[in-house]
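Everything on this sheet refers to the single structure shown next.
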Amino acid sequence: MAAPSASSAPSGLPFHPWDPAFVADPYPAYAELRARGRVLYYEPSDQWLVPHHADVSALLRDRRLGRTYQHRFTHEDFGRTPPPPEHEPFHVLNDHGMLDLEPPDHTRIRRLVSKAFTPRTVERLKPYVHRLAKDLVTALVEAGGGDLLTDVAEPLPVAVIAEMLGIPESDRSQLRPWSADICGMYELNPSEETARRAVRASVEFSDYLRELIAARRREPGDDLISGLIAAHDEGDRLTEQEMISTAVLLLNAGHEATVNATVNGWWALFRNPDQLAALRADHSLIPSAVEELMRYDTPLQLFERWVLDEIEIDDTTIPRGAEIAMLFGSANHDPEVFTDPGRLDLTRRDNPHISFSAGIHYCIGAPLARIELAASMAALLERAPALTLAAEPERKPNFVIRGLKGLSVAVG
Ligand code: HEM
């Protein structure tokens with residue numbers, strides 16, 4: 001990807017991912033983008049924006065696109081400059097995780113990981129997740145309120161994924177800073193400082209996991225790392241690097257979006273008191289509320305794909321080597337699919353949002369995320385039935401990973 005700065009020449013499009021005012025509420029601009037067309041070239045990031053639900057949904061399943069091109073082409077083939085050697089630790093880590101692989105490597109690794117990360121493993125965790133959510137909310141209530149982000153939204157998924165992987169409790173406080181530093185690289189055009197932090201975190205996180213994997217090899221436990229070590233398929237196994245990359249991916253993907261979905265969701269509820277009242281009156285709405293909140297304020301706003309073989313969208317030819325940016329937040333507000341998309345409707349039944357993606361990279365953690373989001377919502381509704389917003393929250397400046405800096409709440 002070209003690396004223009006935030007101050008690049010205006011593109012002429014109502015798309016300003018580096019502008020806090022745009023990030024605060026991108027949805028009106030998305031309506032304009034959808035009206036402008038099905039595919040729009042955006043010069044500052046040298047990408048083709050795709051804002052309609054039908055197109056995003058189809059492209060996610062289109063094998064002419066890929067999350068990487070390196071399985072078929074060189075950087076030079078694609079007219080791209082290879083990343084500088086000093087960024088290597090980040091790329092080694094990232095490029096061996098299934099999210100940034102394409103078949104056949106993606107198929108092989110996802111199959112092996114699925115042997116350890118099974119629906120049964122996740123279902124078995126349900127009572128633990130609910131107990132943890134209740135404990136966290138009880139502490140918040142006893143304190144009379146606090147920050148929903150640091151008191152509930154964050155500790156819940158971090159503890160769950162750390163527990164699954166068998167990360168000792170004493171080491172868990174390092175996970176969130178490492179993860180945040182690595183995730184900085186997933187924003188559009190990351191700065192050199194962001195890259196430096198990501199590289200440092202990649203080295204430290206990898207070293208930590210290498211030691212943990214060695215310990216589990218010596219003494220296997222009932223955890224996911226031991227499961228990844230044991231997983232094999234027709235004589236195939238994960239390499240040590242693949243195991244490290246998988247563990248980091250599960251840890252990062254396993255909490256960043258869930259934390260944000262929780263606080264974005266509660267902020268949306270506070271801004272829509274009629275909906276919050278309806279939910280308080282009828283907890284059976286929790287499953288549809290979780291889906292609707294994920295649609296209404298989409299936690300991950302944009303995903304990219306490389307064009308591996310030329311495609312055509314609405315008479316526009318997109319050549320091999322180009323990059324597509326699919327606007328998930330826009331797709332989730334497309335009136336061709338969602339009736340009255342700007343309205344939060346917790347009873348919405350027909351809700352094919354794409355917040356968990358689609359196609360081969362469909363979120364492997366979606367069932368776990370749904371359990372976590374429902375558990376914290378249930379605990380908050382039951383134990384803090386008069387929860388109110390204590391102060392207007394501030395948005396994080398990031399566009400792709402959409403979140404709040406905190407969510408201050410009071411218990412009535
Ligand atoms: C609200 C929470 C979550 C959201 C919104 C979310 C969203 C996503 C999306 C959009 C993708 C695919 C990206 C693409 O197509 O390019 C993805 C992939 C993935 N997610 Fe999630 N996720 C969430 C929670 C989780 C959890 C809890 C875990 C694991 C514990 C997890 C693990 C993964 C993994 C491993 C992949 C890569 C799958 C592959 O490439 O085959 N996610 N997630």
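Order of listing sets the numbers, starting from 1, for every ligand and every atom in it. Remember, predicted model here, so these are calculated numbers, not experimental data. Note that these values count all heavy atoms, side chains included, but never hydrogens, waters or copies made by symmetry.
- Looking at T258 next to ligand 1, no N or O pair under 3.5 Å apart turns up.
- Atom 16 (O) of ligand 1 has as its closest protein heavy atom R67 NH1, 2.7 Å.
- Checked by distance only, ligand 1 and Y362 stay at 3.5 Å or farther apart across all their nitrogen or oxygen atoms.
- Below 4.0 Å from some heavy atom of P299 lie the following atoms of ligand 1, by number and element: 5 (C).
- Of the listed options M294, M164, H361, E372, H361 places a heavy atom closest to atom 40 (O) of ligand 1.
- Looking at S114 and R110, their side chains never bring a donor and an acceptor atom within 3.5 Å of each other.
- The aromatic rings of Y69 and H75 stand perpendicular to each other, their planes meeting at an angle above 60°, with 30° marking the opposite boundary.
- For E256, the heavy-atom gap to ligand 1 stays at 4.0 angstrom or more.
- Between Y186 and F90, the two ring planes are tilted [angle within 30° to 60°].
- For the pair S357 and ligand 1, the shortest N or O to N or O distance falls below 3.5 Å.
- Ring-plane geometry between W178 and Y208 is classed as tilted, the angle between the planes lying from 30 to 60 degrees on a 0 to 90 degree scale.
- A tilted orientation is assigned to the rings of F328 and F303, their planes being inclined by 30° to 60°.
- At a heavy-atom cutoff of 4.0 Å, ligand 1 is contacted by the side chain of L300 but not by its backbone.
- Atom numbering of ligand 1 starts at 1 in the shown order; those under 4.0 Å from a heavy atom of G254 are 26 (C), 27 (C), 28 (C), 29 (C), 30 (C).
- Applying the 4.0 Å criterion to heavy atoms of A257 picks out, from ligand 1, the atoms 1 (C), 2 (C), 3 (C), 4 (C), 5 (C).
- When non-hydrogen atoms are compared, ligand 1 lies under 4.0 Å from the backbone of M98 as well as from its side chain.
- Using a 3.5 Å distance cut-off with no hydrogens or angles, the side chains of S288 and E292 do not pair a donor with an acceptor.
- Taking each of G97, A253, A369 in turn, the one with a heavy atom nearest to atom 26 (C) of ligand 1 proves to be A253.
- Between I213 and I229, the closest heavy-atom pair is O-CD1, 3.7 Å.
- Remark: ligand 1 atoms within the under-4.0 Å shell around heavy atoms of I360 are 41 (O).
- R210 has its side chain within reach of I244: a pair of non-hydrogen atoms, C-beta onward, lies under 4.5 Å apart.
- For R295 and F338, the positive end sits near the middle of the six-membered ring, less than 6.0 Å away and at most 45° from its axis.
- In this structure, atom 36 (C) of ligand 1 lies nearest to the protein heavy atom I364 N, 4.2 Å.
- Heavy-atom proximity to S355, at under 4.0 Å, picks out these atoms of ligand 1: 5 (C), 7 (C), 10 (C).
- For the residue pair D309 and R320, the shortest heavy atom distance occurs at OD1-NH2, 2.6 Å.
- The contact set between ligand 1 and L368, taken as ligand atoms under 4.0 Å from a residue heavy atom, comprises 30 (C).
- For ligand 1, the atoms sitting less than 4.0 Å from at least one non-hydrogen atom of F303 are 10 (C), 13 (C), 14 (C), 16 (O), numbered in the order shown with element in parentheses.
- Counting heavy atoms under 4.0 Å from ligand 1, residue N260 does not touch it at all.
- The aromatic rings of F270 and W266 lie tilted to each other, with the angle between the two planes from 30° to 60°.
- Only the side chain of H106 comes within contact range of ligand 1, with a heavy atom under 4.0 Å; no backbone atom does.
- Both the backbone and the side chain of C363 come within 4.0 Å of ligand 1, judged by heavy-atom distances.
- With a heavy-atom cut-off of 4.0 Å, L249 touches ligand 1 through its side chain alone.
- For R172 and E163, the salt-bridge test passes: some basic side-chain N is under 4.0 Å from an acidic carboxylate O.
- Close approach of ligand 1 to I161 is summarised as follows: ligand atoms under 4.0 Å from at least one heavy atom of the residue are 30 (C).
- Remark: ligand 1 and R305 share an N or O pair separated by less than 3.5 Å (distance only, no angle test).
- A heavy-atom distance below 4.5 Å is found between the side chains of T194 and S191.
- Contact check for R67 versus R305: side-chain heavy atoms found under the 4.5 Å cut-off.
- In this structure, a donor-acceptor pair under 3.5 Å is present between the side chains of D77 and T74.
- Closest to atom 38 (C) of ligand 1 among all protein heavy atoms lies R110 NH1, 3.4 Å.
- Comparing F328, F117, F356 by heavy-atom distance to atom 9 (C) of ligand 1, the nearest is F356.
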